[in-house]
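Worksheet: the structure to be examined is printed underneath.
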Amino acid sequence: MSAQGPVYLRWRAGRPAPEEERFETLDAALDAVEARWDAIQHQAPQILDARRVLLLSTAELLSMAEEEDGAG
């Protein structure tokens, strides 16, 4: 999966406004999700494109994480 950036990782950290982090590529954002999965998996993580349009929902990220667990 390769998309030109920027892309954004957004999650709910218990505050009214979501937290958001910018990445230059989709691969970099996915790497960040993988590295932080234990911390953000219950905080509705999403990946958005440069226009803030949803690219990967929480359910899709969960499915990807489950596939990783099964493959490892």
Side-chain angles (χ1 to χ4, degrees):
M1 194 176 279
S2 182
Q4 292 302 313
V7 297
Y8 297 87
L9 169 59
R10 179 171 63 189
W11 69 98
R12 295 264 177 207
R15 297 179 2 193
E19 298 286 329
E20 192 173 270
E21 188 171 347
R22 181 181 192 264
F23 296 90
E24 292 304 315
T25 66
L26 177 57
D27 288 337
L30 289 171
D31 288 345
V33 169
E34 183 178 350
R36 299 181 207 165
W37 186 248
D38 288 338
I40 67 170
Q41 65 180 319
H42 301 293
Q43 296 178 351
Q46 301 174 322
I47 295 182
L48 313 166
D49 71 7
R51 298 167 295 155
R52 304 298 202 280
V53 174
L54 185 65
L55 290 175
L56 292 168
S57 69
T58 301
E60 291 168 316
L61 292 171
L62 177 59
S63 176
M64 292 171 75
E66 288 172 347
E67 287 176 14
E68 286 284 321
D69 285 344

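Keep in mind that the numbers below use all heavy atoms, side chains included, and drop hydrogens, waters and symmetry copies.
- The line from OG1 of Thr58 to CH2 of Trp11 is 12.5 Å long, rounded to the nearest 0.5 Å.
- In this structure, Tyr8 belongs to a hydrophobic cluster whose other members, linked by side-chain heavy atoms under 4.5 Å apart, are Leu48, Leu54.
- For the side chain to side chain donor-acceptor pair (under 3.5 Å) test, residues two or more places apart in sequence or in another chain that qualify with Glu20 are Arg52.
- Of the inter-residue distances, the one linking Gln46 atom CD with Leu9 atom CG reads 9.5 Å to the nearest 0.5 angstrom.
- For the atom pair Leu56 CG and Leu30 CG, the distance stands at 6.0 Å (nearest 0.5 Å).
- The pair Glu34-Arg36 does not count as a salt bridge, with every side-chain nitrogen at least 4.0 angstrom from each carboxylate oxygen.
- Heavy atoms only, all atoms of each residue included: Gln41 and Pro45 are closest at O-CD, 4.0 Å.
- Here the CD-CD1 distance, from Glu21 to Ile47, works out to 11.0 Å after rounding to the nearest 0.5 Å.
- When every heavy atom of Glu60 is checked against every heavy atom of Leu55, the shortest pair comes out as OE1-O, 3.8 Å.
- Nearest heavy atoms, Arg12 versus Pro18: NH1-CD, 3.4 Å.
- Scanning for side chain to side chain donor-acceptor pair (under 3.5 Å) contacts around Asp49 gives Arg51, with sequence neighbours left out.
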